[in-house]
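This report refers to the structure that appears directly beneath it.
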Amino acid sequence: MDHHARARMLETPLSVDACIDAVKHQGAGAVCVFIGCVRDHTLKEGAGGTPGTVAVVKLDYEAYADMAEKVIGAIVVEAEERWPGVRGFVQHRTGTLAIGDLAVVIACSAPHRAEAFAACRHVIERLKEDAPIWKREHGDDGVTWVGLGP
Amino acid sequence: MDHHARARMLETPLSVDACIDAVKHQGAGAVCVFIGCVRDHTLKEGAGGTPGTVAVVKLDYEAYADMAEKVIGAIVVEAEERWPGVRGFVQHRTGTLAIGDLAVVIACSAPHRAEAFAACRHVIERLKEDAPIWKREHGDDGVTWVGLGP
Amino acid sequence: RRCYADDVVTVLYFAAAREKAGLSSERLALPPDASVAELLAAVQARHPALTEVLPRCRVAIDQSFAAADARVPEGAEVALIPPVAGG
Amino acid sequence: RRCYADDVVTVLYFAAAREKAGLSSERLALPPDASVAELLAAVQARHPALTEVLPRCRVAIDQSFAAADARVPEGAEVALIPPVAGG
């Protein structure tokens with residue numbers, strides 16, 4: 001199974017066009033692209049549990065790159081097997097990202113839109129569960145590892 | 001309501017980047033893009049109702065352009081009102097398209113992915129119901145207006 | 001409103017309707033306060049070739065979809081919208 | 001397999017685990033046929049600062065997630081995977 005053909009960890013800016021080109025073909029009538037980018041705020045459990053927003057300055061993305069490509073590649077294969085006719089490709093960024101920078105681009109093509117949407121959504125949800133990738137958030141409340149909680 | 005800012009009928013090739021730029025902003029952590037392109041085949045009710053595939057050579061897209069921009073713009077506003085925080089933008093092509101050419105690009109940004117996916121899907125589904133756009137399919141079984149049936 | 005004079009509207013034909021009618025638009029005189037249904041009957045009479053596609057068309061008045069009982073105002077731009085196929 | 005000699009594995013520390021352990025990787029000698037649980041205990045002993053994050057870590061052996069009862073083969077690359085946050 002060639003993960004490398006389906007998932008790439010990059011230390012350089014991502015390319016939406018490259019991801020589309022990787023999956024587009026004459027039999028595909030639909031391509032769904034998901035782009036995750038660095039937002040300027042995040043929700044934080046404030047003191048006393050009241051949800052507040054925290055301004056984000058930048059994010060450092062770290063990855064266990066080889067495993068991440070394997071895991072994400074396998075997730076794309078999962079989607080291709082579950083929705084026949086789908087082709088998927090993912091780029092994920094590592095390093096320090098500013099607000100607005102692209103952290104992940106997922107492109108899924110299919111003959112019809114239903115499968116393209118479903119596969120694309122599947123990949124981002126599963127990626128967030130299993131891809132060995134972490135982000136350190138530099139917010140105005142200090143620096144924290146996302147997902148580690150208080 | 002400024003439809004024009006949300007939907008554009010174009011006789012020239014579409015631009016995914018332009019659609020992304022139209023909706024991306026610092027508060028958006030997610031952008032979902034749907035691309036509809038001309039497929040090299042289509043399913044056709046063959047004689048006796050057996051579904052067969054027909055090779056497609058090209059498609060001619062025709063539109064009632066002014067109304068189409070209004071209708072699609074209103075559909076995007078519908079999505080923005082239904083999923084707060086969403087911004088949407090659509091480009092739709094008219095004229096003669098070859099296999100692989102982009103017929104529609106829909107970009108929806110949102111703080112989080114769920115709303116971006118939902119809004120993007122909403123727009124393509126509603127667009128296919130109400131946008132006054134037609135396509136004449138040049139297939140190896142002759143020329144037919146899609147959706148008009150036998 | 002002028003009394004007893006016809007309303008003149010513009011009718012636009014798209015896709016299969018244009019093909020069957022053999023023209024993309026024309027001006028049509030209608031009795032005042034005519035309904036969409038009455039307009040369709042007039043169009044049908046002028047273009048018998050539309051018999052098949054007309055029942056499948058929606059109608060837009062000044063770029064908004066209109067029901068069969070809607071009134072067609074003087075000078076309106078009326079469009080015949082065959083089954084659509086965008087995207 | 002060598003008898004009675006320890007298995008030597010490489011342990012990789014990522015994100016919060018690296019930060020708490022103060023290093024990104026190290027070689028660790030384990031009794032032969034050690035389980036993931038035994039490896040974690042050894043890591044805990046060496047790096048008390050990991051006490052908080054360790055229970056929240058998954059473990060990968062040669063880049064595949066491994067259960068607590070999995071065996072750690074000689075020469076394996078073992079990674080401590082704190083809660084992930086990709087995308």
Legend entry - B/A28, part contacting chain A, at a heavy-atom distance under 4.5 Å: backbone
Legend entry - Part of B/V38 within contact of chain A (heavy atom distance under 4.5 Å): backbone
Legend entry - Spacing of B/C32 atom SG and A/I124 atom CD1 [to the nearest 0.5 Å]: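 One gets 11.0 Å once the value is rounded to the nearest 0.5 Å.
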Legend entry - CD (B/E11) with more than 12 external heavy atoms under 6.0 Å: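 No.
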Legend entry - Residues of residues 85-107 of chain B contacting chain A, heavy-atom criterion under 4.5 Å, by residue number: B/I99, B/G100, B/L102
Legend entry - Donor-acceptor contact below 3.5 Å, side chain A/S109 vs main chain A/V23: yes
Legend entry - Heavy-atom donor-acceptor pair, A/E62 side chain to A/I133 backbone, under 3.5 Å: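 No, A/E62 side chain to A/I133 backbone: no donor-acceptor pair under 3.5 Å.
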Inset, instruction - In sequence, state the C-alpha distance, the side-chain angles, and the governing distance for B/R126 and B/D130, and then conclude on salt bridge (charged side-chain N to carboxylate O under 4.0 Å, His left out). - result: CA-CA 6 Å; B/R126 291 280 295 108; B/D130 283 351; 2.9 Å; yes
Legend entry - Test item: A/V143 and A/H138 side chains (from C-beta on) under 4.5 Å apart, heavy atoms: yes
Inset, instruction - Sort out for me which of B/K24, B/R113, B/E125 touches chain A most, counting heavy-atom pairs under 4.5 Å. - result: B/R113
Inset, instruction - Scan for ring-ring contact (aromatic ring centres under 6.0 Å, His included) pairs involving residues 93-120 of chain A, sequence neighbours excluded, and state none if there are none. - result: A/F117-B/F34
